[in-house]
Protein chains: 2
Amino acid sequence: MKNLARTPNDIGHAIRQARKAKKLTQKELAERSGVWQETISKVENGLSGTKLETVFDIFAALDLEILVQGRSKGSAESFEDIF
Amino acid sequence: MKNLARTPNDIGHAIRQARKAKKLTQKELAERSGVWQETISKVENGLSGTKLETVFDIFAALDLEILVQGRSKGSAESFEDIF
DNA sequence: TATATTTATGCGCCATAGATCATAATCAAT
DNA sequence: ATTGATTATGATCTATGGCGCATAAATATA
């Protein structure tokens, strides 16, 4: 699973997708990540003010990591179309 | 340039590295990103509560994006050693 | 070494994230 | 349609990020 992200909304989508892929409810993810279910809901819906730490706590619980890279030119649009 | 990130600190390092690669001062990056120089200093130093939006504003100014992926097992340690 | 430039940090203010709780709204199963 | 499960949202409270300013501290340059 790879999701390109350039906005908090993209991050939210990636998290939701990964969570569903693992067949977890937000509550279960909450328990694993130490973040409240209510908070996870907001993050998944793209809350722009979300704290970086919160995102990484969730990522850890979903066994995700991120790769920071230069923007891929040209392929970015088509890449986003896939997801 | 690719940096694996699992913590706010990793993100800060990636940002600083990219900024230096482009030979920008924090002030110049601040002007480009619309984020205050003082804030950039904190972000680069791994402020855990950094807002996601702030990170993406900086990324946009540095022409960076992120790829959310499953954790690479085994290779993670050696990968981090490189950066 | 002296000077210039860049980065880090203190301060006050305001908006808000996250916690915590409750529950309305939505979705899924029957 | 009804019931159960899941997600979204409102309310309150505390801590804090980012702004905006100033400037100390660190780094770079001459």
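A, B, ... follow the sequence lines: proteins, then strands. Residue 1 opens every chain.
At the phosphate of dA8(D), OP1 or OP2 sits under 4.0 Å from a side-chain N or O atom of N45(A). Side-chain N/O atoms of R16(A) include one lying less than 4.0 angstrom from OP1 or OP2 on dA8(D). Here S41(B) does not reach the OP1 or OP2 of dT7(C): none of its side-chain N or O atoms lies under 4.0 Å away. For dT6(C), neither phosphate oxygen OP1 nor OP2 lies less than 4.0 angstrom from any side-chain nitrogen or oxygen of R19(B).
A single hydrophobic cluster is not seen to contain both M1(B) and L67(A); linkage of ILVMFWY side chains at heavy-atom distances under 4.5 Å, directly or through other members, places them apart. Criterion: ILVMFWY side-chain heavy atoms under 4.5 Å apart, direct or through other members. Under it, I11(B) and L4(A) are not part of a common hydrophobic cluster.
Considering CH2 of W36(B) and CD of E31(B), their distance stands at 11.0 Å, rounded to 0.5 Å.
Across all their heavy atoms, R19(B) and L62(B) have their closest contact at CA-CD2, 3.8 Å. Minimum heavy-atom separation, I66(B) to F56(B): CD1-CZ, 4.0 Å.
In this structure, the helix from dT1(C)-dA30(D) to dT30(C)-dA1(D) shows an angle of 70° between the axis at its start and the axis at its end, each fitted on 5 base pairs and rounded to 10°.
The only option from V55(B), V43(B), L29(B), I58(B) that meets the side chain to side chain contact (heavy atoms under 4.5 Å, CB included) definition with V35(B) turns out to be I58(B).
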*Let me see the working for D63(A) and K22(A) under side-chain contact (heavy atoms from CB on, under 4.5 Å), right down to the final yes or no.*
CA-CA 10 Å; D63(A) 215 24; K22(A) 288 173 179 289; 4.3 Å; yes

*Can you check each nucleotide of nucleotides 11-30 of chain D against protein heavy atoms at under 4.0 Å and return B for base, S for sugar-phosphate only, - for none, in 5' to 3' order?*
------SSSBBB--------

*In B/S/- notation, 5' to 3', how is nucleotides 24-29 of chain C contacted by protein heavy atoms closer than 4.0 Å?*
------

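Atom pair I40(A):CD1 and dT9(D):C1' shows a separation of 16 Å (rounding to whole Å applied). Atom C1' of nucleotide dA5(D) and atom CG of L29(A) are separated by 17 Å, given to the nearest angstrom. Between the P atom of dT7(D) and the NZ atom of K27(A) lies a distance of 11 Å, rounded to the nearest Å. Atom C1' of nucleotide dT6(C) and atom CD of E31(B) are separated by 13 Å, given to the nearest angstrom. For the pair K23(A) NZ and dT6(D) P, the computed distance is 14 Å after rounding to whole Å.
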List, with names and distances, any nitrogen or oxygen atoms from the protein found under 3.5 Å away from nitrogen or oxygen atoms belonging to nucleotides 2-5 of chain C.
none

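Residues passing the side chain to side chain contact (heavy atoms under 4.5 Å, CB included) test with L47(B) are K42(B), T50(B), sequence neighbours excluded. With sequence neighbours excluded, the residues forming a side chain to side chain donor-acceptor pair (under 3.5 Å) with Q26(B) are Q37(B), E44(B), listed by chain and number. Scanning for salt bridge (Lys or Arg N to Asp or Glu O under 4.0 Å) contacts around E53(A) gives K51(A), with sequence neighbours left out. By the side chain to side chain donor-acceptor pair (under 3.5 Å) test, T25(A) is found to be paired with E28(A), residues two or more places apart in sequence or in another chain being considered.
With no hydrogens or angles considered, no side-chain donor-acceptor pair links D57(B) and T54(B) at under 3.5 Å.
A 4.5 Å side-chain heavy-atom check between R32(A) and L24(A) finds at least one atom pair inside the cut-off.
More than 12 heavy atoms of other residues, nucleotides or ligands lie within 6.0 Å of CZ in R16(B), so this atom counts as buried by the packing criterion.
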